[in-house]
There are 2 protein chains.
Amino acid sequence: MATTSIKLSALKTACKSCSLHDLCLPLGLDIGDIDRLDNIVKRSRPLHKGEYLFNSGEAFTSIFAVRSGSIKTFTESEQGDEQITGLYLPGELIGLDAIHDAKHPCSAIALETTSLCELPFDTLEDLSSEIPELHHQLFRIMSKEIAGDQSLLMLMAQKSADERLAAFLVNLSSRLKARNFSETEFNLTMSRKDIGNYLGLTIETISRTFSRFQSEGLLSTQRKYVNIHKLNELKELAGISDHCTTTDCPSKTA
Amino acid sequence: MATTSIKLSALKTACKSCSLHDLCLPLGLDIGDIDRLDNIVKRSRPLHKGEYLFNSGEAFTSIFAVRSGSIKTFTESEQGDEQITGLYLPGELIGLDAIHDAKHPCSAIALETTSLCELPFDTLEDLSSEIPELHHQLFRIMSKEIAGDQSLLMLMAQKSADERLAAFLVNLSSRLKARNFSETEFNLTMSRKDIGNYLGLTIETISRTFSRFQSEGLLSTQRKYVNIHKLNELKELAGISDHCTTTDCPSKTA
DNA sequence: CGAAGGATTGAATACACTCAAGGGATGTGG
DNA sequence: CCACATCCCTTGAGTGTATTCAATCCTTCG
(Lines give C-alpha, C1' and ligand atoms only; values in the text may rest on other atoms or scores of the structure.)
Protein backbone atom coordinates (compact mmCIF):
# COMPACT_ATOMS: atom_id res chain seq x y z
CA MET A 1 0.00 0.00 0.00
CA ALA A 2 2.87 2.30 0.79
CA THR A 3 4.06 2.19 -2.80
CA THR A 4 0.62 3.04 -4.08
CA SER A 5 0.30 6.08 -1.92
CA ILE A 6 3.74 7.26 -2.99
CA LYS A 7 2.75 6.93 -6.62
CA LEU A 8 -0.48 8.76 -6.02
CA SER A 9 1.20 11.61 -4.25
CA ALA A 10 3.79 11.84 -6.99
CA LEU A 11 0.99 12.01 -9.51
CA LYS A 12 -0.53 14.85 -7.61
CA THR A 13 2.55 17.01 -7.24
CA ALA A 14 1.22 20.52 -7.21
CA CYS A 15 2.47 23.16 -9.61
CA LYS A 16 4.25 24.99 -6.84
CA SER A 17 6.41 22.01 -6.00
CA CYS A 18 6.88 20.88 -9.58
CA SER A 19 10.44 21.01 -10.89
CA LEU A 20 9.20 22.32 -14.19
CA HIS A 21 7.85 25.37 -12.52
CA ASP A 22 10.01 27.84 -14.40
CA LEU A 23 9.65 26.24 -17.80
CA CYS A 24 5.91 25.90 -17.70
CA LEU A 25 2.87 28.05 -17.15
CA PRO A 26 3.50 29.10 -13.54
CA LEU A 27 6.54 31.19 -14.50
CA GLY A 28 6.07 34.69 -13.14
CA LEU A 29 3.09 33.86 -10.94
CA ASP A 30 3.06 34.39 -7.19
CA ILE A 31 2.21 31.57 -4.79
CA GLY A 32 -1.45 32.43 -4.47
CA ASP A 33 -1.96 32.53 -8.21
CA ILE A 34 -0.08 29.29 -8.68
CA ASP A 35 -2.55 27.66 -6.31
CA ARG A 36 -5.44 28.99 -8.34
CA LEU A 37 -3.84 27.57 -11.48
CA ASP A 38 -3.22 24.33 -9.66
CA ASN A 39 -6.90 23.99 -8.90
CA ILE A 40 -7.90 23.77 -12.51
CA VAL A 41 -5.24 21.22 -13.46
CA LYS A 42 -6.40 17.68 -14.05
CA ARG A 43 -3.80 14.97 -13.66
CA SER A 44 -4.64 11.58 -15.06
CA ARG A 45 -2.90 8.26 -15.53
CA PRO A 46 0.25 8.30 -17.67
CA LEU A 47 0.10 7.43 -21.34
CA HIS A 48 2.06 4.41 -22.53
CA LYS A 49 4.31 4.50 -25.54
CA GLY A 50 2.25 4.70 -28.70
CA GLU A 51 -0.97 5.82 -27.01
CA TYR A 52 -2.81 8.75 -28.48
CA LEU A 53 -3.35 11.91 -26.45
CA PHE A 54 -5.78 13.22 -29.03
CA ASN A 55 -6.57 12.65 -32.65
CA SER A 56 -6.60 15.04 -35.55
CA GLY A 57 -10.08 16.51 -35.99
CA GLU A 58 -11.13 15.96 -32.41
CA ALA A 59 -12.82 18.79 -30.55
CA PHE A 60 -10.40 20.95 -28.65
CA THR A 61 -11.13 21.36 -24.97
CA SER A 62 -7.83 21.35 -23.15
CA ILE A 63 -4.23 22.37 -23.35
CA PHE A 64 -1.79 19.72 -22.10
CA ALA A 65 1.50 20.25 -20.36
CA VAL A 66 4.08 17.47 -20.43
CA ARG A 67 5.18 16.41 -16.95
CA SER A 68 7.54 13.65 -17.91
CA GLY A 69 8.22 11.69 -21.07
CA SER A 70 7.70 13.10 -24.54
CA ILE A 71 5.00 13.56 -27.13
CA LYS A 72 5.07 13.95 -30.88
CA THR A 73 2.40 15.74 -32.85
CA PHE A 74 1.77 15.18 -36.55
CA THR A 75 -0.64 16.08 -39.27
CA GLU A 76 -1.83 13.88 -42.07
CA SER A 77 -2.49 15.30 -45.50
CA GLU A 78 -5.28 14.12 -47.77
CA GLN A 79 -2.79 12.09 -49.75
CA GLY A 80 -2.01 10.27 -46.56
CA ASP A 81 1.51 11.48 -46.01
CA GLU A 82 2.33 12.26 -42.45
CA GLN A 83 4.27 15.24 -41.22
CA ILE A 84 5.58 15.48 -37.69
CA THR A 85 5.07 19.04 -36.52
CA GLY A 86 6.30 18.97 -32.98
CA LEU A 87 8.31 17.18 -30.32
CA TYR A 88 7.29 18.16 -26.81
CA LEU A 89 9.43 17.77 -23.71
CA PRO A 90 8.54 18.21 -20.03
CA GLY A 91 7.24 21.69 -19.29
CA GLU A 92 6.01 22.32 -22.83
CA LEU A 93 2.42 22.96 -23.84
CA ILE A 94 0.52 20.97 -26.44
CA GLY A 95 -2.60 21.99 -28.32
CA LEU A 96 -2.05 25.70 -28.85
CA ASP A 97 -2.61 25.27 -32.57
CA ALA A 98 -6.16 24.08 -31.94
CA ILE A 99 -7.63 27.19 -30.36
CA HIS A 100 -8.56 29.02 -33.50
CA ASP A 101 -11.10 26.63 -34.88
CA ALA A 102 -11.75 24.64 -31.75
CA LYS A 103 -10.49 21.34 -33.10
CA HIS A 104 -7.12 19.70 -33.24
CA PRO A 105 -5.36 20.09 -36.58
CA CYS A 106 -2.93 17.36 -35.61
CA SER A 107 -2.71 14.13 -33.64
CA ALA A 108 -0.54 13.60 -30.58
CA ILE A 109 1.16 10.34 -29.55
CA ALA A 110 3.31 9.41 -26.57
CA LEU A 111 6.85 8.50 -27.62
CA GLU A 112 7.47 6.82 -24.26
CA THR A 113 5.61 6.54 -20.98
CA THR A 114 4.42 10.07 -20.50
CA SER A 115 2.47 11.89 -17.83
CA LEU A 116 0.63 15.09 -18.47
CA CYS A 117 -1.28 17.90 -16.85
CA GLU A 118 -4.56 18.76 -18.48
CA LEU A 119 -5.75 22.37 -18.47
CA PRO A 120 -9.35 22.89 -19.59
CA PHE A 121 -9.04 25.81 -21.94
CA ASP A 122 -12.26 27.64 -21.02
CA THR A 123 -11.29 27.75 -17.40
CA LEU A 124 -7.72 28.64 -18.21
CA GLU A 125 -8.91 31.51 -20.37
CA ASP A 126 -11.15 32.81 -17.60
CA LEU A 127 -8.40 32.52 -15.04
CA SER A 128 -5.96 34.29 -17.30
CA SER A 129 -8.35 37.23 -17.54
CA GLU A 130 -8.05 37.55 -13.80
CA ILE A 131 -4.32 36.98 -13.50
CA PRO A 132 -2.36 39.32 -15.79
CA GLU A 133 0.88 37.39 -15.29
CA LEU A 134 -0.76 34.18 -16.41
CA HIS A 135 -2.25 36.01 -19.34
CA HIS A 136 1.15 37.31 -20.29
CA GLN A 137 2.84 33.96 -19.86
CA LEU A 138 0.32 32.33 -22.16
CA PHE A 139 1.05 34.91 -24.83
CA ARG A 140 4.75 34.38 -24.33
CA ILE A 141 4.45 30.65 -24.75
CA MET A 142 2.35 30.94 -27.90
CA SER A 143 4.72 33.52 -29.27
CA LYS A 144 7.63 31.24 -28.62
CA GLU A 145 5.90 28.45 -30.48
CA ILE A 146 5.45 30.73 -33.48
CA ALA A 147 9.08 31.80 -33.39
CA GLY A 148 10.18 28.18 -33.02
CA ASP A 149 8.18 27.03 -36.01
CA GLN A 150 9.69 29.81 -38.03
CA SER A 151 13.22 28.82 -37.24
CA LEU A 152 12.32 25.26 -38.16
CA LEU A 153 11.05 26.63 -41.46
CA MET A 154 14.39 28.26 -42.04
CA LEU A 155 16.00 24.89 -41.43
CA MET A 156 13.81 23.13 -43.93
CA ALA A 157 14.08 25.78 -46.57
CA GLN A 158 17.78 26.21 -46.89
CA LYS A 159 19.82 23.76 -44.93
CA SER A 160 21.57 20.60 -46.01
CA ALA A 161 20.94 17.24 -44.40
CA ASP A 162 24.02 17.68 -42.21
CA GLU A 163 22.95 21.08 -41.01
CA ARG A 164 19.42 19.92 -40.31
CA LEU A 165 20.43 16.94 -38.21
CA ALA A 166 23.04 19.01 -36.38
CA ALA A 167 20.47 21.71 -35.63
CA PHE A 168 18.01 19.10 -34.44
CA LEU A 169 20.51 17.56 -32.04
CA VAL A 170 21.74 20.92 -30.76
CA ASN A 171 18.20 22.11 -30.17
CA LEU A 172 17.33 18.93 -28.31
CA SER A 173 20.52 19.14 -26.32
CA SER A 174 19.84 22.66 -25.10
CA ARG A 175 16.24 21.88 -24.23
CA LEU A 176 17.35 18.85 -22.24
CA LYS A 177 19.97 20.92 -20.49
CA ALA A 178 17.30 23.41 -19.43
CA ARG A 179 15.51 20.47 -17.83
CA ASN A 180 18.58 19.40 -15.88
CA PHE A 181 19.36 16.46 -18.11
CA SER A 182 22.74 15.95 -19.70
CA GLU A 183 23.29 18.05 -22.79
CA THR A 184 25.70 15.57 -24.32
CA GLU A 185 24.25 12.18 -23.48
CA PHE A 186 20.63 11.31 -24.05
CA ASN A 187 18.19 8.93 -25.63
CA LEU A 188 16.34 9.94 -28.73
CA THR A 189 12.73 9.10 -28.17
CA MET A 190 11.95 9.48 -31.86
CA SER A 191 12.93 6.76 -34.32
CA ARG A 192 15.17 7.53 -37.30
CA LYS A 193 12.04 7.51 -39.39
CA ASP A 194 10.39 10.14 -37.20
CA ILE A 195 13.47 12.31 -37.17
CA GLY A 196 13.68 12.09 -40.93
CA ASN A 197 10.07 13.01 -41.29
CA TYR A 198 10.43 15.90 -38.86
CA LEU A 199 13.41 17.28 -40.75
CA GLY A 200 12.08 16.62 -44.22
CA LEU A 201 14.60 13.87 -44.97
CA THR A 202 14.42 10.12 -45.51
CA ILE A 203 15.35 7.52 -42.95
CA GLU A 204 18.35 6.48 -45.07
CA THR A 205 19.70 10.00 -45.13
CA ILE A 206 19.37 10.30 -41.35
CA SER A 207 21.12 6.99 -40.87
CA ARG A 208 23.94 7.88 -43.25
CA THR A 209 24.38 11.30 -41.66
CA PHE A 210 24.57 9.78 -38.18
CA SER A 211 27.17 7.35 -39.49
CA ARG A 212 29.25 10.16 -40.97
CA PHE A 213 29.02 12.26 -37.80
CA GLN A 214 30.21 9.22 -35.92
CA SER A 215 33.13 8.55 -38.24
CA GLU A 216 34.09 12.21 -37.97
CA GLY A 217 34.16 11.86 -34.18
CA LEU A 218 31.39 14.39 -33.56
CA LEU A 219 29.31 11.90 -31.64
CA SER A 220 28.66 8.25 -31.11
CA THR A 221 25.35 6.43 -31.21
CA GLN A 222 23.93 3.11 -30.27
CA ARG A 223 20.44 2.92 -31.62
CA LYS A 224 18.55 5.64 -29.74
CA TYR A 225 21.39 6.46 -27.39
CA VAL A 226 23.43 9.48 -28.45
CA ASN A 227 26.66 10.76 -26.97
CA ILE A 228 27.81 14.09 -28.32
CA HIS A 229 31.60 14.45 -28.21
CA LYS A 230 32.03 17.79 -29.90
CA LEU A 231 29.01 19.89 -29.08
CA ASN A 232 30.64 23.09 -30.24
CA GLU A 233 31.47 21.72 -33.65
CA LEU A 234 27.95 20.44 -33.93
CA LYS A 235 26.65 23.88 -33.02
CA GLU A 236 28.86 25.46 -35.62
CA LEU A 237 27.58 23.02 -38.21
CA ALA A 238 24.04 23.89 -37.18
CA GLY A 239 24.83 27.55 -37.67
CA ILE A 240 24.66 28.44 -34.02
CA SER A 241 27.61 29.98 -32.30
CA ASP A 242 29.01 28.77 -29.00
CA HIS A 243 26.94 29.74 -26.02
CA CYS A 244 23.68 30.45 -27.78
CA THR A 245 20.50 28.44 -27.97
CA THR A 246 18.26 28.41 -30.99
CA THR A 247 15.75 30.86 -29.66
CA ASP A 248 17.66 33.44 -27.75
CA CYS A 249 20.75 34.07 -29.80
CA PRO A 250 21.58 37.73 -30.21
CA SER A 251 23.06 38.62 -33.57
CA LYS A 252 26.80 38.83 -33.26
CA THR A 253 27.75 42.46 -32.92
CA ALA A 254 31.07 42.29 -31.12
CA MET B 1 -7.70 71.25 -49.31
CA ALA B 2 -10.63 68.98 -49.97
CA THR B 3 -8.34 66.18 -51.10
CA THR B 4 -6.24 66.47 -47.97
CA SER B 5 -9.19 66.15 -45.67
CA ILE B 6 -10.45 63.14 -47.57
CA LYS B 7 -7.10 61.48 -47.19
CA LEU B 8 -6.96 62.28 -43.52
CA SER B 9 -10.38 60.91 -42.85
CA ALA B 10 -9.54 57.78 -44.85
CA LEU B 11 -6.46 57.39 -42.73
CA LYS B 12 -8.54 57.63 -39.65
CA THR B 13 -11.24 55.13 -40.58
CA ALA B 14 -12.32 53.65 -37.30
CA CYS B 15 -12.29 49.92 -36.68
CA LYS B 16 -16.06 49.78 -36.70
CA SER B 17 -16.26 51.13 -40.24
CA CYS B 18 -13.21 49.25 -41.50
CA SER B 19 -13.89 46.70 -44.20
CA LEU B 20 -11.44 44.32 -42.59
CA HIS B 21 -13.55 44.20 -39.51
CA ASP B 22 -14.26 40.49 -39.67
CA LEU B 23 -10.76 39.40 -40.59
CA CYS B 24 -8.99 41.41 -37.97
CA LEU B 25 -9.02 41.88 -34.23
CA PRO B 26 -12.56 43.29 -33.83
CA LEU B 27 -14.17 40.01 -34.85
CA GLY B 28 -16.61 38.99 -32.16
CA LEU B 29 -16.56 42.30 -30.32
CA ASP B 30 -19.65 44.42 -29.76
CA ILE B 31 -19.79 48.09 -30.80
CA GLY B 32 -18.79 49.47 -27.43
CA ASP B 33 -15.77 47.23 -27.17
CA ILE B 34 -14.72 48.01 -30.73
CA ASP B 35 -14.64 51.67 -29.76
CA ARG B 36 -12.42 50.90 -26.82
CA LEU B 37 -10.09 48.98 -29.11
CA ASP B 38 -10.23 51.82 -31.58
CA ASN B 39 -9.00 54.23 -28.97
CA ILE B 40 -5.70 52.47 -28.53
CA VAL B 41 -4.98 52.16 -32.25
CA LYS B 42 -2.33 54.47 -33.69
CA ARG B 43 -2.53 55.15 -37.40
CA SER B 44 0.52 56.67 -39.01
CA ARG B 45 1.64 57.54 -42.54
CA PRO B 46 1.81 54.66 -45.00
CA LEU B 47 5.08 52.88 -45.65
CA HIS B 48 6.52 52.99 -49.14
CA LYS B 49 7.76 49.94 -50.97
CA GLY B 50 11.00 48.75 -49.43
CA GLU B 51 10.61 50.66 -46.18
CA TYR B 52 11.18 48.79 -42.95
CA LEU B 53 8.40 48.48 -40.41
CA PHE B 54 10.85 47.14 -37.87
CA ASN B 55 14.21 45.50 -37.81
CA SER B 56 15.31 42.18 -36.41
CA GLY B 57 16.53 42.63 -32.85
CA GLU B 58 14.54 45.79 -32.20
CA ALA B 59 12.57 46.07 -28.99
CA PHE B 60 9.02 44.88 -29.34
CA THR B 61 6.37 47.36 -28.30
CA SER B 62 3.50 47.00 -30.72
CA ILE B 63 1.54 44.59 -32.82
CA PHE B 64 0.74 45.86 -36.31
CA ALA B 65 -2.32 45.14 -38.40
CA VAL B 66 -2.13 45.58 -42.15
CA ARG B 67 -4.78 47.98 -43.49
CA SER B 68 -3.80 47.92 -47.13
CA GLY B 69 -0.79 46.73 -49.07
CA SER B 70 1.42 43.87 -47.96
CA ILE B 71 4.38 43.16 -45.74
CA LYS B 72 7.01 40.45 -45.75
CA THR B 73 8.86 39.33 -42.66
CA PHE B 74 12.21 37.58 -42.77
CA THR B 75 14.96 36.38 -40.49
CA GLU B 76 18.64 36.47 -41.17
CA SER B 77 20.90 33.71 -39.93
CA GLU B 78 24.42 34.27 -38.71
CA GLN B 79 25.75 33.03 -42.02
CA GLY B 80 23.83 35.83 -43.63
CA ASP B 81 21.24 33.80 -45.46
CA GLU B 82 17.81 35.25 -45.37
CA GLN B 83 14.60 33.34 -44.86
CA ILE B 84 11.22 34.87 -45.51
CA THR B 85 8.89 33.72 -42.77
CA GLY B 86 5.68 35.49 -43.57
CA LEU B 87 3.60 37.36 -46.11
CA TYR B 88 0.94 39.53 -44.51
CA LEU B 89 -2.20 40.79 -46.22
CA PRO B 90 -4.79 43.33 -45.06
CA GLY B 91 -6.41 42.31 -41.79
CA GLU B 92 -3.46 40.21 -40.64
CA LEU B 93 -1.36 40.82 -37.54
CA ILE B 94 2.41 41.22 -37.52
CA GLY B 95 4.75 40.85 -34.58
CA LEU B 96 3.16 37.99 -32.63
CA ASP B 97 6.45 36.12 -32.69
CA ALA B 98 8.13 38.90 -30.71
CA ILE B 99 6.12 38.72 -27.51
CA HIS B 100 8.09 36.00 -25.80
CA ASP B 101 11.39 37.73 -25.49
CA ALA B 102 10.24 41.27 -26.09
CA LYS B 103 12.26 41.81 -29.26
CA HIS B 104 11.60 41.13 -32.89
CA PRO B 105 13.16 37.88 -34.14
CA CYS B 106 12.60 39.04 -37.72
CA SER B 107 12.54 42.16 -39.85
CA ALA B 108 9.49 43.47 -41.69
CA ILE B 109 9.47 45.31 -45.02
CA ALA B 110 6.67 46.80 -47.10
CA LEU B 111 6.31 45.03 -50.44
CA GLU B 112 4.27 47.93 -51.81
CA THR B 113 2.75 51.10 -50.40
CA THR B 114 1.25 49.82 -47.18
CA SER B 115 -0.77 51.37 -44.38
CA LEU B 116 -0.94 49.87 -40.95
CA CYS B 117 -2.63 50.13 -37.59
CA GLU B 118 -0.30 50.07 -34.63
CA LEU B 119 -1.47 48.47 -31.39
CA PRO B 120 0.76 49.09 -28.38
CA PHE B 121 1.02 45.66 -26.85
CA ASP B 122 0.93 46.65 -23.19
CA THR B 123 -2.32 48.50 -23.65
CA LEU B 124 -3.72 45.77 -25.84
CA GLU B 125 -2.91 43.19 -23.20
CA ASP B 126 -4.61 45.25 -20.50
CA LEU B 127 -7.64 45.80 -22.65
CA SER B 128 -7.87 42.12 -23.48
CA SER B 129 -7.99 41.31 -19.77
CA GLU B 130 -11.12 43.41 -19.60
CA ILE B 131 -12.76 42.20 -22.79
CA PRO B 132 -13.00 38.41 -22.89
CA GLU B 133 -13.95 38.39 -26.59
CA LEU B 134 -10.83 40.35 -27.46
CA HIS B 135 -8.80 38.03 -25.31
CA HIS B 136 -10.21 35.06 -27.11
CA GLN B 137 -9.75 36.59 -30.53
CA LEU B 138 -6.09 37.24 -29.79
CA PHE B 139 -5.62 33.61 -28.83
CA ARG B 140 -7.42 32.53 -31.98
CA ILE B 141 -5.20 34.66 -34.16
CA MET B 142 -2.02 33.41 -32.55
CA SER B 143 -3.24 29.86 -32.75
CA LYS B 144 -3.98 30.32 -36.43
CA GLU B 145 -0.49 31.60 -37.01
CA ILE B 146 0.94 28.49 -35.36
CA ALA B 147 -1.26 26.21 -37.43
CA GLY B 148 -0.35 28.12 -40.57
CA ASP B 149 3.36 27.81 -39.96
CA GLN B 150 2.91 24.11 -39.41
CA SER B 151 1.19 23.58 -42.71
CA LEU B 152 3.95 25.56 -44.38
CA LEU B 153 6.39 23.20 -42.71
CA MET B 154 4.58 20.27 -44.22
CA LEU B 155 4.93 21.94 -47.58
CA MET B 156 8.65 22.40 -47.20
CA ALA B 157 9.30 18.97 -45.84
CA GLN B 158 7.63 16.78 -48.38
CA LYS B 159 6.38 18.56 -51.42
CA SER B 160 7.90 18.95 -54.85
CA ALA B 161 8.54 22.31 -56.45
CA ASP B 162 5.29 22.06 -58.41
CA GLU B 163 3.26 21.28 -55.34
CA ARG B 164 4.86 24.08 -53.36
CA LEU B 165 4.23 26.75 -55.94
CA ALA B 166 0.69 25.51 -56.51
CA ALA B 167 0.01 25.56 -52.77
CA PHE B 168 1.44 29.05 -52.49
CA LEU B 169 -0.78 30.37 -55.27
CA VAL B 170 -3.89 28.63 -53.99
CA ASN B 171 -3.31 29.93 -50.48
CA LEU B 172 -2.82 33.45 -51.76
CA SER B 173 -5.86 33.15 -53.97
CA SER B 174 -8.14 32.14 -51.13
CA ARG B 175 -6.82 34.83 -48.82
CA LEU B 176 -7.39 37.44 -51.50
CA LYS B 177 -10.88 36.12 -52.07
CA ALA B 178 -11.66 36.52 -48.39
CA ARG B 179 -10.69 40.19 -48.82
CA ASN B 180 -13.03 40.68 -51.75
CA PHE B 181 -10.30 40.65 -54.37
CA SER B 182 -10.36 38.37 -57.37
CA GLU B 183 -9.27 34.83 -56.59
CA THR B 184 -8.02 34.20 -60.11
CA GLU B 185 -6.39 37.47 -61.15
CA PHE B 186 -3.92 39.30 -58.97
CA ASN B 187 -0.51 40.82 -58.71
CA LEU B 188 2.20 39.03 -56.82
CA THR B 189 3.81 41.57 -54.57
CA MET B 190 6.77 39.30 -53.95
CA SER B 191 9.48 38.86 -56.55
CA ARG B 192 10.37 35.43 -57.92
CA LYS B 193 13.38 35.54 -55.67
CA ASP B 194 11.21 36.16 -52.61
CA ILE B 195 8.76 33.44 -53.57
CA GLY B 196 11.62 31.04 -54.06
CA ASN B 197 13.09 31.93 -50.73
CA TYR B 198 9.72 31.60 -49.02
CA LEU B 199 9.16 28.15 -50.51
CA GLY B 200 12.70 26.91 -50.11
CA LEU B 201 13.44 26.89 -53.83
CA THR B 202 15.70 28.87 -56.13
CA ILE B 203 14.58 31.67 -58.38
CA GLU B 204 15.31 29.55 -61.44
CA THR B 205 13.09 26.76 -60.21
CA ILE B 206 10.23 29.19 -59.57
CA SER B 207 10.66 30.66 -63.01
CA ARG B 208 10.75 27.29 -64.71
CA THR B 209 7.74 26.08 -62.77
CA PHE B 210 5.74 29.16 -63.72
CA SER B 211 6.72 28.56 -67.34
CA ARG B 212 5.57 24.97 -67.18
CA PHE B 213 2.28 25.87 -65.50
CA GLN B 214 1.75 28.40 -68.26
CA SER B 215 2.52 25.94 -71.05
CA GLU B 216 0.13 23.47 -69.42
CA GLY B 217 -2.58 26.11 -69.50
CA LEU B 218 -3.01 26.26 -65.73
CA LEU B 219 -2.35 29.99 -65.63
CA SER B 220 -0.73 32.85 -67.46
CA THR B 221 1.70 35.37 -66.09
CA GLN B 222 3.24 38.63 -67.07
CA ARG B 223 5.89 39.41 -64.54
CA LYS B 224 4.03 39.93 -61.29
CA TYR B 225 0.57 39.68 -62.81
CA VAL B 226 -0.99 36.24 -62.50
CA ASN B 227 -4.16 34.95 -64.09
CA ILE B 228 -5.22 31.54 -62.90
CA HIS B 229 -7.19 29.64 -65.54
CA LYS B 230 -7.68 26.33 -63.81
CA LEU B 231 -7.93 26.99 -60.11
CA ASN B 232 -9.32 23.55 -59.36
CA GLU B 233 -6.45 21.77 -61.06
CA LEU B 234 -4.06 23.98 -59.20
CA LYS B 235 -5.79 23.10 -55.94
CA GLU B 236 -5.56 19.44 -56.76
CA LEU B 237 -1.87 19.81 -57.47
CA ALA B 238 -1.47 21.59 -54.16
CA GLY B 239 -3.16 18.69 -52.41
CA ILE B 240 -6.26 20.61 -51.52
CA SER B 241 -9.63 19.44 -52.67
CA ASP B 242 -12.16 21.69 -54.35
CA HIS B 243 -13.93 24.03 -52.00
CA CYS B 244 -11.52 23.93 -49.11
CA THR B 245 -8.97 26.46 -48.00
CA THR B 246 -5.67 25.54 -46.44
CA THR B 247 -6.73 26.07 -42.91
CA ASP B 248 -10.30 24.89 -42.64
CA CYS B 249 -10.41 21.77 -44.71
CA PRO B 250 -12.19 18.87 -43.04
CA SER B 251 -10.72 15.52 -43.84
CA LYS B 252 -12.69 13.91 -46.60
CA THR B 253 -15.06 11.42 -45.05
CA ALA B 254 -17.88 11.25 -47.58
C1' DC C 1 20.45 56.54 -72.65
C1' DG C 2 22.92 53.50 -69.76
C1' DA C 3 22.97 50.85 -65.59
C1' DA C 4 21.02 47.67 -62.59
C1' DG C 5 17.84 44.45 -61.10
C1' DG C 6 14.48 40.90 -62.30
C1' DA C 7 13.17 37.08 -65.12
C1' DT C 8 13.87 33.36 -68.39
C1' DT C 9 16.20 29.53 -70.43
C1' DG C 10 19.99 26.11 -71.15
C1' DA C 11 23.63 22.82 -69.71
C1' DA C 12 26.02 20.38 -66.23
C1' DT C 13 26.33 19.02 -61.47
C1' DA C 14 25.25 17.45 -56.84
C1' DC C 15 22.65 16.07 -53.13
C1' DA C 16 19.21 13.47 -51.35
C1' DC C 17 15.94 9.92 -52.88
C1' DT C 18 14.46 5.30 -54.37
C1' DC C 19 15.17 0.60 -54.57
C1' DA C 20 17.33 -3.28 -52.58
C1' DA C 21 19.61 -6.40 -49.45
C1' DG C 22 21.09 -7.63 -45.00
C1' DG C 23 22.04 -7.16 -39.90
C1' DG C 24 20.55 -6.62 -35.25
C1' DA C 25 17.17 -6.07 -31.63
C1' DT C 26 12.70 -7.01 -29.67
C1' DG C 27 8.56 -9.49 -28.87
C1' DT C 28 5.30 -13.47 -29.47
C1' DG C 29 3.78 -18.07 -29.61
C1' DG C 30 4.74 -22.81 -29.65
C1' DC D 1 13.40 -21.37 -23.93
C1' DC D 2 13.88 -21.40 -28.62
C1' DA D 3 12.12 -20.22 -33.32
C1' DC D 4 10.20 -17.03 -35.93
C1' DA D 5 8.27 -12.77 -37.33
C1' DT D 6 8.63 -8.00 -37.21
C1' DC D 7 10.51 -3.69 -36.78
C1' DC D 8 14.28 -0.64 -36.96
C1' DC D 9 18.54 0.52 -38.65
C1' DT D 10 22.50 0.36 -41.82
C1' DT D 11 24.84 0.29 -46.16
C1' DG D 12 25.24 0.06 -51.27
C1' DA D 13 24.12 1.28 -56.09
C1' DG D 14 21.71 3.93 -59.40
C1' DT D 15 18.51 7.65 -60.38
C1' DG D 16 16.21 12.07 -60.50
C1' DT D 17 14.93 16.61 -59.06
C1' DA D 18 16.36 20.90 -57.99
C1' DT D 19 20.67 23.40 -57.84
C1' DT D 20 24.57 25.88 -59.69
C1' DC D 21 26.71 28.34 -63.28
C1' DA D 22 26.06 31.04 -67.23
C1' DA D 23 24.15 33.75 -70.96
C1' DT D 24 20.45 36.63 -72.57
C1' DC D 25 16.41 39.45 -72.49
C1' DC D 26 13.28 42.66 -70.48
C1' DT D 27 11.87 46.33 -67.48
C1' DT D 28 12.60 50.06 -64.69
C1' DC D 29 14.68 53.98 -63.06
C1' DG D 30 18.12 57.44 -62.41
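All values below come from the heavy atoms of this structure, side chains included, with hydrogens, waters and symmetry mates left out. So that the names make sense, note that chain A is the first sequence line, chain B the second, and so on, each numbered from 1.
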Aromatic ring pairing B:H104/B:F54, orientation class (parallel under 30°, perpendicular over 60°, tilted between): parallel

A:S220 and A:Q214: side chain donor to acceptor below 3.5 Å: no

Separation of C:dG10 P from B:R208 CZ (nearest whole Å): 9 Å

Sugar-phosphate only, base, or nothing, as touched by B:G196 at under 4.0 Å among non-hydrogen atoms: nothing

Stacked cation flag B:K72 on B:F74, 6.0 angstrom / 45 deg: yes

Given D:dT10, D:dC9, C:dT8, the nucleotide with the shortest approach to the side chain of A:T221: D:dT10

Electrostatic pair B:E92:B:R175 at N-O distance under 4.0 angstrom: yes

Spacing of A:R212 atom CZ relative to D:dC9 atom C1', expressed in whole Å: 17 Å

Heavy-atom donor-acceptor pair, A:R164 side chain to A:L199 backbone, under 3.5 Å: yes

Distance in angstrom units between B:K224 NZ and C:dT8 P, rounded: 11 Å

Sugar-phosphate only, base, or nothing, as touched by B:S191 at under 4.0 Å among non-hydrogen atoms: sugar-phosphate

B:S207 side chain near C:dA7 phosphate (N/O to OP1/OP2, under 4.0 Å): no

d(CE, A:M156; P, D:dA18) in whole Å: 16 Å

Gap between atoms CG and C1', on B:L111 and C:dG6 respectively (whole Å): 15 Å

Rounded interatomic separation in angstrom, taking NZ from B:K193 and C1' from C:dT8: 16 Å

Phosphate contact (D:dT11 OP1 or OP2) by A:S211 side-chain N/O below 4.0 Å: yes

Contact nearer the 5' end of DNA chain C, comparing A:R223 with A:A161: A:A161

Donor-acceptor pair under 3.5 Å, A:E204 side chain vs C:dC19 base: yes

Below 4.0 Å: OP1/OP2 of D:dT20 and any side-chain N or O of B:T202: no

Atom pair distance, as rounded to whole Å: CD in B:E163 and C1' in D:dA18: 14 Å

Sugar-phosphate only, base, or nothing, as touched by B:L201 at under 4.0 Å among non-hydrogen atoms: sugar-phosphate

Whole angstrom value for the distance that separates C1' of D:dT10 from CZ of A:R192: 9 Å

